[in-house]
Amino acid sequence: MKLIVVTPAGREKYLGVLSHHVLKSSRVHEWHLWDNCRNEQDRAYLRQLASADSRIKIKTLSGANGKNDAIGRFFRFCDDPDAFYLRLDDDIVFLEDGFFEKYMERVLTERGSALWYAPLIINNAICNTFIKYLSAVQIEGPLTCQAMCPFSWSHPTFPLAMHPVLIEAARTGRLGDFRVPDREVKASRFSINAIGFFGSEIVELGDLFHPLGDEEEWFSAVLPVKLGRPGKVFGDLIAAHFSFYPQEKALLGTTILEDYYHLAGLPAPVYKKTVVRLKDRLRPWKKYRNGTPPKYTITLPKDRADPKR
């Protein structure tokens, strides 16, 4: 079965590392870049990528200018019944070695058991909860099992603590510490940073498949409820999502993005760093829009996890 990766694109600073992971895999038949760029520089980068690999196809829609409400309309291009479509956000910054091969093996084995299939996503609020309670990784700090968790989603402190631990685990061969059993997601919103569907089911569902508004709510919660079919998270496959919008500014003020590039063996990206103004540094009493950021301590277990995990 053909694997077609689709990405609402795109921000060059993230696509540089995502393209490395996608294009190095021969299992990827095509990569569709949905042009939802915010500026011409990013749009030019899409064309640069496409010129370097014939598997890349740029898909365009009128009115797509970087806003989220345009993304759902791009699913009209997912119309091949002989393909499996894997949607990856443009800021997926890490995929474990052999990801696409393992993912498709799991998908084909599990066909019919769920409506959609996702890996275990680092910095995804539902998956954060799975990791806290089901993996060997030790997480101290508040979490709720909600897509827009008021703690881990609404503030940068969780990904600031989690990303370095994931990077260290990848460097030292300890990704097994993160793995969890598969879990179904029913009647619950799930941030669709990485989510896949069979093309045959998209075609069969026709207009019912396509969202009229919020694509994330529709695909992860409403459509599964309407069809009586859950989504499924493959707990043994790891991907990392860089940030949600309340987190991005703080994360871009660190070296975390560069660290993911270095982990992939790539030179660091060039982008505008976030600078905290001096007056903000001197105002510790300044109120945060989403409340006081929670504190997290995240560590790998002192004793190496069971390698079978």
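Heads up: numbering here begins at 1 and tracks the sequence. No experiment lies behind these values; they were computed from the predicted model shown.
- Judged by distance alone, the side chain of Asp89 and the main-chain N or O of Asp91 form no donor-acceptor pair under 3.5 Å.
- Side-chain contact between Leu86 and Phe99 is present, with at least one heavy-atom pair separated by less than 4.5 Å.
- The number of heavy atoms from other shown groups lying within 6.0 Å of CD (Glu101) is above 12.
- For the pair Leu134 and Pro181, the minimum side-chain heavy-atom distance is below 4.5 Å.
- Here the rule is ring pair (Phe, Tyr, Trp, His ring centres under 6.0 Å) with Phe219, and of Tyr85, Phe190, Phe197 only Phe197 fits it.
- Put simply, Phe198 and Leu115 are part of two different groups of oily side chains (I, L, V, M, F, W, Y) that touch within less than 4.5 Å, one to the next.
- No single ILVMFWY cluster, assembled from side-chain heavy atoms under 4.5 Å apart, contains both Phe77 and Leu88.
- Between the side chain of Ser154 and the backbone N or O of Phe151, no donor-acceptor pair lies under 3.5 Å.
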>> Pair Asp97, Lys24 - check salt bridge (charged side-chain N to carboxylate O under 4.0 Å, His left out), show working.
In response: CA-CA 10 Å; Asp97 287 343; Lys24 75 177 182 179; 3.7 Å; yes

>> Is there a salt bridge (charged side-chain N to carboxylate O under 4.0 Å, His left out) between Lys232 and Asp182? Walk through the geometry before answering.
In response: CA-CA 7 Å; Lys232 179 171 284 189; Asp182 292 353; 5.2 Å; no

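- Remark: Leu166 CG to Met162 CE distance equals 7.5 Å, nearest 0.5 Å.
- Side-chain atoms of Ser191 do not come within 3.5 Å of backbone N or O of Asn193 as any donor-acceptor pair.
- Ring-centre distance between Tyr245 and Trp153: below the 6.0 Å cut-off.
- With a 6.0 Å cutoff to the six-membered ring centre and a 45° limit on the axis angle, Arg183 does not count as a cation-pi contact of Phe130.
- Between the side chain of Trp218 and the main chain of Phe209, a donor-acceptor pair closer than 3.5 Å is present.
- Surrounding NZ of Lys2 are more than 12 heavy atoms belonging to other residues, nucleotides or ligands, all under 6.0 Å away.
- Ring-plane geometry between Tyr296 and Phe158 is classed as perpendicular, the angle between the planes exceeding 60 degrees on a 0 to 90 degree scale with a lower cut at 30.
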> Would Gln247 and Asn123 satisfy side-chain hydrogen bond (donor to acceptor under 3.5 Å, both in side chains), going step by step from the backbone distance to the final call?
Replying inline: CA-CA 10 Å; Gln247 307 167 346; Asn123 196 26; 2.9 Å; yes

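- Within a 6.0 Å sphere centred on OH of Tyr133, other residues, nucleotides and ligands contribute 12 heavy atoms or fewer.
- Note on Lys13 versus Glu258: no salt bridge recorded, every NZ/NE/NH1/NH2 to OD/OE distance being 4.0 Å or above.
- Not a single side chain to side chain contact (heavy atoms under 4.5 Å, CB included) links Lys272 to another residue, sequence neighbours left out.
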> Yes or no on side chain to side chain contact (heavy atoms under 4.5 Å, CB included) for Ile122 and Ile131, after CA distance, side-chain angles and deciding distance?
Replying inline: CA-CA 9 Å; Ile122 306 304; Ile131 294 168; 3.6 Å; yes

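- Expressed to the nearest 0.5 Å, how far CG of Asp90 lies from CG of Asn36 amounts to 9.0 Å.
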> Would Tyr117 and Phe234 satisfy ring pair (Phe, Tyr, Trp, His ring centres under 6.0 Å), going step by step from the backbone distance to the final call?
Replying inline: CA-CA 7 Å; Tyr117 305 87; Phe234 294 145; 5.7 Å; yes

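- Heavy atoms only, all atoms of each residue included: Ala239 and Leu95 are closest at CB-CD2, 3.5 Å.
- Taking the charged nitrogens against the carboxylate oxygens, Arg189 and Glu217 do have a contact shorter than 4.0 Å, which makes a salt bridge.
- Counting only residues at least two apart or in different chains, salt bridge (charged side-chain N to carboxylate O under 4.0 Å, His left out) contacts with residues 61-78 are absent.
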>> As a quick check of understanding, evaluate side chain to side chain contact (heavy atoms under 4.5 Å, CB included) for Ile126 and Ser188, giving each step before the final call.
In response: CA-CA 9 Å; Ile126 303 295; Ser188 174; 4.2 Å; yes

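- Applying salt bridge (Lys or Arg N to Asp or Glu O under 4.0 Å) to Asp236 and the options Arg106, Lys102, Arg179 leaves one that passes, Arg106.
- The side-chain heavy atoms of Ile4 and His32, taken from C-beta on, include a pair separated by under 4.5 Å.
- In this structure a side-chain-to-backbone donor-acceptor pair under 3.5 Å is present from Arg55 to Leu23.
- With no hydrogens or angles considered, no side-chain donor-acceptor pair links Ser220 and Trp116 at under 3.5 Å.
- You'll find the side chain of Leu108 reaches within 4.5 Å of the side chain of Met1, heavy atoms only.
- With values rounded to the nearest 0.5 angstrom, Asp42 atom CG is found 11.5 Å from Gln48 atom CD.
- The closest donor-acceptor contact from the side chain of Glu12 to the backbone of Tyr45 lies at 3.5 Å or more, if one exists at all.
- Inter-residue side-chain proximity for Phe242 and Leu252 is flagged as met; some heavy-atom pair is nearer than 4.5 Å.
- Proximity of Leu46 to Asp35: side-chain heavy atoms (C-beta onward) are separated by under 4.5 Å at one or more points.
- Atom CZ of Phe94 is separated from atom CG of Leu175 by 5.0 Å, given to the nearest 0.5 angstrom.
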>> As a quick check of understanding, evaluate side chain to side chain contact (heavy atoms under 4.5 Å, CB included) for Asn39 and Arg43, giving each step before the final call.
In response: CA-CA 7 Å; Asn39 57 67; Arg43 186 163 288 113; over 6 Å; no

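- Between Tyr103 and Phe84, the distance from one ring center to the other falls under 6.0 angstrom.
- For the atom pair Asn68 CG and Glu216 CD, the distance stands at 8.5 Å (nearest 0.5 Å).
- Judged by distance alone, the side chains of His163 and Tyr260 do bring a donor and an acceptor atom under 3.5 Å apart.
- Contacts classified as side-chain hydrogen bond (donor to acceptor under 3.5 Å, both in side chains) and involving residues 197-208 (residues at least two apart or in different chains) are given here: Arg111-Ser200, Glu201-Arg229.
- Within the 4.5 Å cutoff, the side chain of Leu227 has heavy atoms near those of the Leu208 side chain.
- Taking the side chain as every heavy atom from C-beta outward, Ile298 and Val137 approach each other to under 4.5 Å.
- Here the side chain of Ser25 pairs no donor or acceptor atom with the backbone of Val22 at under 3.5 angstrom.
- Between the OG1 atom of Thr7 and the CZ atom of Arg87 there is a distance of 8.5 Å, given to the nearest 0.5 Å.
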> Should Leu120 and Val180 be marked as a side chain to side chain contact (heavy atoms under 4.5 Å, CB included) after you check the CA-CA gap, both sets of side-chain angles, and the distance that decides it?
Replying inline: CA-CA 8 Å; Leu120 184 70; Val180 302; 3.9 Å; yes

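- Within a 6.0 Å radius of NZ in Lys57, more than 12 heavy atoms belonging to other residues, nucleotides or ligands are found.
- Met104 and Ile238 fall into different hydrophobic clusters, where Ile, Leu, Val, Met, Phe, Trp and Tyr residues are linked whenever their side-chain heavy atoms come under 4.5 Å apart, directly or through other members.
- Side chains of Ser113 and Glu110: a donor on one and an acceptor on the other come within 3.5 Å.
- No donor-acceptor distance shorter than 3.5 angstrom exists from the side chain of Thr144 to the backbone of Cys149, with no hydrogens or angles considered.
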